[in-house]
**Q** 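After the C-alpha cells below, expect a handful of questions from me.
In this text the structure is predicted, and so the values were computed from the model without any measurement.
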Amino acid sequence: MRRYHSHLGRDIVLTGGSARDLEPGQFGVLAIDGGAGGWSVVHKGPGGDVVDLNNEMHFETPEEALAFAKELVEMLVNPGDGPSY
C-alpha cells in the first residue's frame, strides 16, 4: 500500500505510529503497535495539535482506516452530503 494518498485535495499519510511527521492540515493513518494493535485515524491541526478521529475504535487493516479517513474528508468537503438520520 502506498504511504501517501490524496483525496479531494486533502493529504492522508500512512505512518508507523507517530503523528509527529505529519504537516499541519494532514490526516494520518497510524499503525498501533506496528499494526498488531490495529490502525487509528488522526488529523494534525494548523496549530500542531493532533486529534484522534476514530475515538477508541481501531481498524483491523490500513485499508479500512484509509476508507474511514476518505469518508471524513468527503464530509468536510461536502458537509450537506452526510447521512441523514
Side-chain angles (χ1 to χ4, degrees):
M1 174 173 267
R2 291 186 341 231
R3 183 167 180 216
Y4 296 98
H5 297 264
S6 182
H7 187 65
L8 300 175
R10 300 289 183 119
D11 293 333
I12 305 170
V13 180
L14 272 69
T15 183
S18 174
R20 75 175 147 255
D21 294 335
L22 295 176
E23 297 293 324
Q26 286 183 323
F27 289 86
V29 173
L30 308 180
I32 301 166
D33 295 329
W39 295 80
S40 181
V41 177
V42 300
H43 180 264
K44 189 169 192 175
D49 297 331
V50 176
V51 178
D52 186 359
L53 299 174
N54 54 307
N55 297 322
E56 298 299 315
M57 176 179 69
H58 296 124
F59 298 95
E60 289 187 30
T61 67
E63 292 85 1
E64 291 173 329
L66 180 60
F68 178 76
K70 287 180 177 181
E71 287 180 32
L72 291 174
V73 167
E74 289 170 6
M75 288 190 296
L76 288 172
V77 172
N78 303 310
D81 293 344
S84 58
Y85 297 101

**Q** Listed by chain and number, what are the side chain to side chain contact (heavy atoms under 4.5 Å, CB included) partners of A19, not counting sequence neighbours?
**A**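 Expected list: L22, L30, V42, V50.
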
**Q** I32: which other cluster members, linking ILVMFWY side chains closer than 4.5 Å, directly or transitively?
**A**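 Cluster partners of I32: none, it stands alone.
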
**Q** Looking only at heavy atoms, which two atoms of L76 and R10 are closest? And how far apart?
**A**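 Taking L76 first and R10 second, the nearest heavy atoms are CD1-NH1, 4.1 Å.
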
**Q** Is there a continuous path of hydrophobic side-chain contacts, each under 4.5 Å between heavy atoms, that joins F27 to Y4?
**A**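 No; tracing contacts between hydrophobic side chains, which count when under 4.5 Å, never links both residues.
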
**Q** Specify the closest pair of heavy atoms between P62 and L14, including all atoms of both residues, with the distance to one decimal.
**A**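 Closest approach of P62 to L14: CB-CD2, 4.0 Å.
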
**Q** Which residues pass the side chain to side chain contact (heavy atoms under 4.5 Å, CB included) test with H7, sequence neighbours left out?
**A**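 Partners of H7 under the side chain to side chain contact (heavy atoms under 4.5 Å, CB included) test: I12, K70, V73, E74.
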
**Q** Would you please name every residue forming a side chain to side chain contact (heavy atoms under 4.5 Å, CB included) with E64, sequence neighbours left out?
**A**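 Applying side chain to side chain contact (heavy atoms under 4.5 Å, CB included) to E64 gives F59, E60, T61.
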
**Q** Flag the pair D21 / V13 as yes when at least one side-chain heavy-atom distance between them is below 4.5 Å, and no otherwise.
**A**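 When only atoms from C-beta onward are counted, V13 and D21 do not touch, as no gap falls below 4.5 Å.
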
**Q** Enumerate the side chain to side chain donor-acceptor pair (under 3.5 Å) contacts for residues 27-47, please, sequence neighbours excluded, ordered by first and then second residue.
**A**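 Passing the test, one end in residues 27-47: S40-D52, S40-N54.
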
**Q** Looking at every non-hydrogen atom in both residues, tell me the closest pair between E23 and Q26 and how far apart they are.
**A**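 Distance-wise, the nearest heavy atoms are N-OE1, 2.7 Å.
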
**Q** Restricting to non-hydrogen atoms, name the atom on P24 and the atom on G45 that form the minimum distance, rounded to 0.1 Å.
**A**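 In this case the closest contact between P24 and G45 is CB-O, 3.4 Å.
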
